[in-house]
Amino acid sequence: MGRLVFPLSILTWLVVWAALKFGVQPPIPGSVMGLYLSIVTVSILVYLVADEARFEAFLAPLISLLREQRLVVPRLLVLISLPLLLGWFTYTRVRPQFDPPFEARIIHPEPPAKFKLHGEDFDVLKAQRPPEMEVNQENLAAGRRLYFRNCMYCHGDYLDGKGRFAEAVNPLPANFRDGGTISQLEEGYVYWRIATGGRGLPDGATPWNSSMPVWQDFFTDEEIWQVVAFIYAASGSTPRTWEGH
Amino acid sequence: MANARLCVLLLIGSTLLPAIAVAQDFAAKGFKVVPTSPRQATAKDLAAGKLLYEELCSQCHGESGDGQGVMADLLKPRPRDFRRGIYKIRRTPQGELPTDEDLFRIISNGMPASSMPAWRGLVSDAQIWQLVDYIESFSEDFADYPAEEQFLLEGKPDPTPESLERGEEIYIKAECAKCHGESGRGNGRSAAELVDEWDFPIYPADLTEPWTLRGGGSVEDLYRTVTTGVNGTPMPSFSDAWNSDDLWNLANYLHSLGRKPFWGEILRGSKIAAVPEDAFSDVWEAAPVLDVRLLGQIIQEPRLFNPSVQTLSAQVLFDDNEIALLLTWRDRFENTGEDELPIDRVSVLFPAQELEEGKKPYFLMGDRRRPVDAWQWSANGRTETFLARGMDAVTPRTSPVKSQGVYRDGQYRVVLRRSLKAGQDNEVEFSPGTMIPIAWNVWDGQEGEDGKRRAVSRWYYLLLEPETPLLTWLWPIVVVCLTAGGEFFGLRRLRQHWARQQTGALQPTDGTESQA
C-alpha cells in the first residue's frame with residue numbers, strides 16, 4: 001500500500017484536472033481553473049500530512065530519487081528540467097501579448113424618440129403598422145422579393161445570419177431565427193433599424209462598425225413595412241407588442 | 001437507297017458503339033464502377049418535398065424549377081434550372097444524370113463560392129431525401145434515362161514525390177493549363193472565351209484556392225471532378241483518355257497546388273534590417289500572411305453583388321524608417337486601362353486620425369467625423385493617396401507612398417511603402433506595439449468594377465511587433481537561477497542531513513562531527 005501513495009496522489013490530481021479541462025462544457029475560464037486546482041492540491045496535501053506514516057510513504061519515492069546512486073540519470077533530468085519549465089512558464093506570462101481591443105456592443109440600444117424618415121419625423125415608440133400595410137399574402141410576397149434581392153447576402157436565405165458575406169463583416173449579421181433578435185422587439189423598433197441601418201445606431205452601440213445598410217435610401221416607407229412583415233413570418237417569430245409591456 | 005441505309009446503320013452504330021466501348025473501358029482502365037440503384041419516390045415524399053422546396057429553394061431555383069427565382073438575376077453563378085437535368089457534381093460518367101446520393105450530398109454540403117447553401121443541419125436527412133425526390137421530378141430524364149453506373153472513389157495513392165511528379169506531367173499533357181493556367185489560378189489562354197450550357201460566361205476554377213471549388217477540394221473530390229467532369233460547363237471528363245491511377249496522381253498534384261488560407265484578425269509584421277522594394281523578394285516568404293475575406297459593396301448604390309476577388313492576402317514588414325505592405329490577390333486578367341475596361345486597383349485604408357475612445361471610422365472610406373487615409377495602387381502603375389470622409393468625399397493629396405506592382409500568371413503582387421512617421425496632417429502614423437485598424441478595397445476591371453462597385457473588407461488590425469523588451473527575458477532567467485540555486489542548496493542540506501543520519505546510525509554518540 002505504502003508504495004502506491006505517491007502515484008495515487010499524482011493520479012488523483014491528474015484525473016481532477018482532466019475532468020475539469022475536458023469534461024466541462026463550456027470550458028472553465030483559466031483563472032477559475034487555477035483556483036479549483038489549487039484547492040485540489042491543498043486538499044491532497046492536507047490528506048497526506050494528516051497521517052505521519054502516509055506522509056512518509058508519499059515522500060519515500062521523492063527521497064529515493066534524490067538519494068539513491070542508481071537513480072542518478074533521472075535525478076539529473078528532473079533537477080535540470082524543473083528550472084527550465086518554470087522559466088518557460090514565466091516567459092509565457094511576461095511576454096508581451098497583443099489582442100485586438102475588446103469592443104463592447106449594445107445589441108438593442110435605446111432608439112431615439114424620433115428619427116427622420118425620408119425627411120419626415122418618425123416616432124419609433126408610437127409607430128404602428130398602417131392598416132393598408134397589414135400582413136397579407138400580397139405584402140408578404142412583396143417583402144419576400146425585397147428580402148431576397150437585398151438582405152440575403154448578409155442575413156442568409158434561411159434568415160439565420162449566415163449569408164454569403166456574413167463572415168466578411170463584423171459584427172455578424174443578426175440571426176432572425178434566434179430568440180434574442182427580432183422576436184424581442186416591437187415592429188416600430190425593427191422598422192427604425194431597417195430604415196436607418198448601422199449608421200442610425202446611437203453612439204453607444206458602436207455604429208462605426210455595423211455594415212447594416214441604410215434602407216430608407218433604397219426603399220419606400222411601404223416597402224420597409226413589407227420587409228418587416230416578411231422577416232417575422234419567414235423566421236417563424238412574432239413581434240413584441242405594446243400590450244406585453 | 002443502299003447508301004441511305006448504310007448511313008442510318010452507321011448512325012445507329014456510331015451512337016451505340018462508343019457507349020459499349022466506354023462501358024468496357026472504365027473497368028479496363030482500373031476505374032471501379034458499380035451499378036446505381038435509383039430510389040422509388042412515393043407520392044407522400046413528393047408532396048412533402050414540394051412544400052420544403054417552395055419554402056427553402058424556390059426563391060432561387062424558381063417555383064417551377066426553372067432557375068428563375070426572385071433574385072436569380074443577381075446571382076453569379078445562376079441558380080440551376082432543374083428542368084434540363086444538368087448537374088455539375090456527380091460520380092456518374094460525363095453527360096449522365098447524377099445518382100440520388102449525388103444530389104443528397106450536394107444539397108447537404110452546398111456549393112462553396114456560390115450562393116447554393118449547405119442544408120445539412122438546417123433540415124433533417126429524411127427531408128433532404130424528399131427534396132431529392134422532388135427535384136428529380138422536374139425532369140423526365142430521371143425516369144427515362146437514369147445513370148446506370150457510378151465511379152467509386154477508391155484506391156487513393158499516397159502523395160509521394162513520384163505521384164506528384166506524374167500528376168504534374170498529366171496536368172501538362174492533358175492541357176489543363178489551357179484553361180486553368182500554368183499555376184492553376186484559372187487564368188489560361190482560353191479563360192476569357194468560355195461559356196456554359198446556359199450561355200453565361202464561365203471562368204475555369206482557381207485551383208490554388210481549394211475552398212472555393214463547388215465540388216470540394218479533397219483529393220477524392222478532385223479525383224471525382226477530373227474523372228466525371230463538370231456537366232454543363234467546358235470542364236471535361238478525363239476518364240476516356242487516362243486511366244484511374246493517372247487521375248489519382250493528377251488529383252494528388254491538384255491537391256498540392258491548393259494553399260491553406262490564414263484567416264485571422266491581426267496582420268502581424270516584424271522588424272528587419274531594410275524593407276524590400278521588390279514584390280518577389282525572398283524576405284516575404286518568412287512574413288506571416290493574413291487572408292482577408294472581401295464582400296461586395298452592397299451598402300450604397302451602385303452595388304456590387306458578385307465581387308470578382310473574394311480573398312486578398314496581406315503581409316507586412318518594417319525597418320527603422322519604413323513600413324512595407326505586400327498585397328497579393330488572384331486576378332485572371334490584367335487590365336491596365338489600355339482597352340475600354342476599367343483599371344484593376346487595390347487600396348489600403350487606415351484611420352487618418354488617432355482613434356477617440358476606440359471609435360473607428362466607418363469601414364466604407366470613413367465618415368464626416370472620422371476620415372480615412374487611403375493609399376491606392378492602380379495597374380497602370382500609378383500610386384495615389386486620398387483623404388476620405390465617406391465614399392462620396394474623397395480628396396486626392398500628395399502621395400508619400402512608393403510602390404511596386406507586378407502582374408504575373410494570374411496574380412497581382414503589390415508592395416506599398418511609406419515612412420513610419422506621418423508627413424502631413426491626417427495621416428496614419430505607425431508605431432510598433434499599437435493596434436492600427438486596416439481595411440482593403442479591390443477592383444477587377446475585367447468585370448467592370450469601378451467606383452463604388454468594388455470588393456471591400458471590414459476593419460482588421462495591423463500590428464508592428466515591437467522588439468521584445470529586455471525585462472521579458474530577465475524574469476524567466478531570474479526564475480531559472482532561483483530554482484536552480486534552491487535545488488543546489490536544498491540538496492546540499494539534505495545530503496548533509498543524510499550523512500549525519502548515517503554516521504549517527506554508525507556512532508549513535510555524536511552527530512556533530514559530520515560537518516565536512
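Chain naming here is simple, since letters A, B, ... match the order of the sequence lines and numbering starts at 1 in each. The analysis underlying the following values was restricted to heavy atoms, covering all of them including side chains, and did not include hydrogens, waters or symmetry mates.
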Just checking, is any N or O donor in the side chain of Ser313(B) or Asp291(B) under 3.5 Å from an acceptor N or O on the other one?
yes
Quick check: under 4.5 Å, non-hydrogen atoms only, which of residues 431-442 of chain B neighbour chain A?
Gly433(B), Met435(B)
Segment of Ile298(B) engaging chain A (4.5 angstrom heavy-atom cut-off)
both
Between Leu463(B) and chain A, with a heavy-atom cut-off of 4.5 Å, which part of the residue counts as in contact: side chain, backbone, both or neither?
side chain
Write out all pairs satisfying salt bridge (Lys or Arg N to Asp or Glu O under 4.0 Å) with one or both partners inside residues 108-124 of chain B, taking only residues at least two apart or from two chains.
none
Whatever's closer than 4.5 Å to a heavy atom in chain A on Leu364(B) counts as neither
Tell me whether the count of non-hydrogen atoms from other residues, nucleotides or ligands lying under 6.0 Å of CZ in Arg369(B) goes above 12.
no
Sort by residue number and list every member of residues 158-173 of chain A having a non-hydrogen atom under 4.5 Å from chain B.
Tyr158(A), Asp160(A), Arg164(A), Phe165(A), Glu167(A), Ala168(A), Val169(A), Asn170(A)
Name the member of Leu56(B), Leu74(B), Thr483(B), Leu491(B) that forms the most heavy-atom pairs with chain A at distances under 4.5 Å.
Leu74(B)
Heavy-atom distance under 4.5 Å to chain A: side chain of Val479(B), backbone, both or neither?
side chain
In terms of heavy-atom pairs under 4.5 Å, which option from Leu75(B), Leu295(B), Val478(B) contacts chain A the most?
Leu295(B)
Under 4.0 Å between a Lys/Arg side-chain N and an Asp/Glu carboxylate O for Glu265(B) and Arg458(B)?
yes
Flag this pair as yes if the NZ/CZ of Arg3(A) is under 6.0 angstrom from the six-membered ring centre of Phe6(A) and inside a 45 degree cone about the axis; otherwise no.
no
Set out, in order, the CA-CA distance, both residues' side-chain angles and the distance that settles ring pair (Phe, Tyr, Trp, His ring centres under 6.0 Å) for Tyr232(A) and Phe176(A), then state yes or no.
CA-CA 8 Å; Tyr232(A) 277 110; Phe176(A) 299 140; 8.5 Å; no
Applying a strict 4.5 Å limit to non-hydrogen atoms, the region of Ile266(B) in contact with chain A is side chain
Should Lys116(A) and Asp121(A) count as an ion pair when the cut-off is N to O under 4.0 Å?
yes
Between Asn139(A) (side chain) and Glu134(A) (backbone), is there a donor-acceptor pair under 3.5 Å?
yes
Taking the inter-plane angle between the rings of Phe218(A) and Trp215(A) on a 0 to 90° scale, is it parallel (under 30°), tilted (30 to 60°) or perpendicular (over 60°)?
tilted
Under 4.5 Å from any heavy atom of chain A, what part of Phe488(B) do you find: side chain, backbone, both or neither?
neither
In terms of heavy-atom proximity below 4.5 Å to chain A, should Trp473(B) be classed as side chain, backbone, both, or neither?
side chain
Leu76(A), CG: over 12 other non-hydrogen atoms inside 6.0 angstrom:
yes
Checking heavy atoms, do the side chain of Arg93(A), its backbone, both or neither come under 4.5 Å from chain B?
neither
State whether a side-chain donor-acceptor pair under 3.5 Å links Asn150(A) with Arg145(A).
no
Counting heavy-atom pairs under 4.5 Å with chain B, the top scorer among Cys154(A), Gly156(A), Pro101(A) is Pro101(A)
May I ask you to check whether over 12 heavy atoms, not counting those of Glu110(A), lie within 6.0 Å of atom CD?
no
Between Arg149(A) and Asp73(B), is there a salt bridge with N-O shorter than 4.0 Å?
yes
Checked Gly69(B), Ser114(B), Gly366(B), Ala113(B) vs chain A; the most non-hydrogen pairs under 4.5 Å come from Ser114(B)
Show your reasoning for whether ring pair (Phe, Tyr, Trp, His ring centres under 6.0 Å) applies to Tyr461(B) and Phe98(A).
CA-CA 11 Å; Tyr461(B) 284 102; Phe98(A) 299 95; over 10 Å; no
Parallel, tilted or perpendicular, judged at 30° and 60°: which one describes the rings of Trp225(A) and Phe122(A)?
tilted
Could you look at Glu465(B) and say if it's the side chain, the backbone, both or neither that has a heavy atom under 4.5 Å from chain A?
neither
Does any backbone or side-chain atom of Glu487(B) lie under 4.5 Å from a heavy atom of chain A? Answer side chain, backbone, both or neither.
side chain
Suppose we screen for side-chain hydrogen bond (donor to acceptor under 3.5 Å, both in side chains). Which residues come up paired with Arg95(A), at least two apart in sequence or across chains?
none
Looking at Phe219(A), is its backbone amide N or carbonyl O close enough to the side chain of His118(A) to form a donor-acceptor pair, meaning the two atoms are under 3.5 Å apart?
yes
Residue, of Arg144(A), Met212(A), Met152(A), Arg177(A), that accumulates the most heavy atom pairs under 4.5 Å with chain B:
Arg144(A)
